[in-house]
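As the structure is a computational prediction, the values presented were derived from the model and not from experiment.
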Amino acid sequence: MKNQLSRIRVKALLALVFTVFTFSFKIQAQDGAKLFKQNCAVCHASHTDQKLTGPGLKGIFDRAPKGDWLAKWILNNEKLIKSGDAYANKIYSENGKAAMTVFEGQLNDKDVASIIAFLQGPPPDSGNK
């Protein structure tokens with residue numbers, strides 16, 4: 001009986017953690033949608049491959065190097081290019097060496113994580129895709 005009660009408590013705790021995680025991810029993605037619209041949508045389509053000033057971001061997670069590369073690119077792409085990063089230089093060349101805004105000092109790590117969460121989510125129903 002005592003083991004059964006412990007299992008129920010563990011299951012309840014796991015359900016609570018999952019719910020909190022899911023809820024916080026949705027809030028983060030909503031914040032990311034707003035931040036994307038304010039900072040990125042002028043140059044990028046979020047969930048399509050339509051090229052505006054910069055490339056469309058559909059499939060970005062399949063193309064970009066893994067880890068924190070994308071966050072580094074968003075915050076300071078110039079620094080990444082100057083470091084000799086091969087993929088950063090490839091993107092820069094493929095887009096006519098057009099300078100992307102450096103967001104370091106304007107966006108923080110949490111803002112960038114929210115934008116990335118938005119891009120990882122499903123396309124918005126309306127507006128700029």
Side-chain angles (χ1 to χ4, degrees):
M1 173 107 164
K2 192 174 183 182
N3 283 341
Q4 187 176 12
L5 187 58
S6 293
R7 283 188 216 148
I8 291 170
R9 286 181 181 163
V10 168
K11 286 180 181 179
L13 180 62
L14 289 173
L16 178 65
V17 168
F18 178 75
T19 302
V20 168
F21 176 77
T22 302
F23 181 72
S24 65
F25 182 81
K26 286 180 181 178
I27 289 175
Q28 188 177 25
Q30 288 172 349
D31 291 344
K34 181 179 176 184
L35 288 164
F36 183 89
K37 186 175 181 180
Q38 292 170 340
N39 296 283
C40 314
V42 162
C43 297
H44 298 281
S46 64
H47 290 82
T48 72
D49 55 6
Q50 178 187 7
K51 181 172 175 44
L52 302 175
T53 302
L57 299 177
K58 180 180 181 180
I60 188 64
F61 301 102
D62 297 329
R63 297 189 309 260
K66 305 301 179 222
D68 63 350
W69 188 94
L70 191 56
K72 288 180 181 178
W73 174 261
I74 293 168
L75 285 173
N76 195 333
N77 64 93
E78 289 178 1
K79 185 176 179 181
L80 208 51
I81 292 165
K82 289 177 184 175
S83 77
D85 182 281
Y87 191 71
N89 280 284
K90 177 182 183 273
I91 292 172
Y92 183 59
S93 294
E94 286 177 355
N95 288 283
K97 297 190 177 185
M100 181 172 138
T101 303
V102 171
F103 290 104
E104 200 167 44
Q106 292 178 283
L107 298 175
N108 61 38
D109 291 340
K110 183 181 175 192
D111 295 335
V112 172
S114 294
I115 291 168
I116 290 171
F118 164 68
L119 293 172
Q120 288 173 322
D125 292 332
S126 63
N128 181 30
K129 293 182 182 179

Criterion side chain to side chain contact (heavy atoms under 4.5 Å, CB included) on F118 and L35, from CA distance to verdict: CA-CA 9 Å; F118 164 68; L35 288 164; over 6 Å; no
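Taking K90 as the reference, E94 meet the salt bridge (Lys or Arg N to Asp or Glu O under 4.0 Å) condition, with sequence neighbours excluded. Scanning for side chain to side chain contact (heavy atoms under 4.5 Å, CB included) contacts around T53 gives C43, with sequence neighbours left out. In terms of the side chain to side chain donor-acceptor pair (under 3.5 Å) criterion, E78 has no residue partners (sequence neighbours excluded). Among residues two or more places apart in sequence or in another chain, the side chain to side chain donor-acceptor pair (under 3.5 Å) test is passed with N89 by none. Annotation: side chain to side chain contact (heavy atoms under 4.5 Å, CB included) contacts of K66 (sequence neighbours excluded): none. Applying the side chain to side chain donor-acceptor pair (under 3.5 Å) rule to D111 yields no partners; only residues at least two apart in sequence or on another chain are considered. With sequence neighbours excluded, no residue forms a side chain to side chain donor-acceptor pair (under 3.5 Å) with K79. Annotation: side chain to side chain contact (heavy atoms under 4.5 Å, CB included) contacts of N95 (sequence neighbours excluded): K51, P55, I91. Not counting sequence neighbours, the partners of F103 by the side chain to side chain contact (heavy atoms under 4.5 Å, CB included) test are N39, I74, M100, T101, Q106, L107.
The shortest side-chain heavy-atom distance between I81 and W73 falls under the 4.5 Å cut-off. Annotation: side chain of N77 is not in contact with side chain of Y92 (no heavy-atom distance under 4.5 Å).
The shortest heavy-atom contact between L52 and H44 is CD1-C, 3.6 Å.
Tracing side-chain contacts under 4.5 Å through hydrophobic residues (I, L, V, M, F, W, Y), one never reaches V102 starting from L75; they form parts of separate clusters.
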Anything under 3.5 Å between a donor and an acceptor, one on a side chain of residues 57-65, the other on a protein residue two or more places apart or in another chain? List them.
from, atom 1, to, atom 2, distance (Å)
R63, NH1, K58, O, 2.5
R63, NH2, G56, O, 3.2

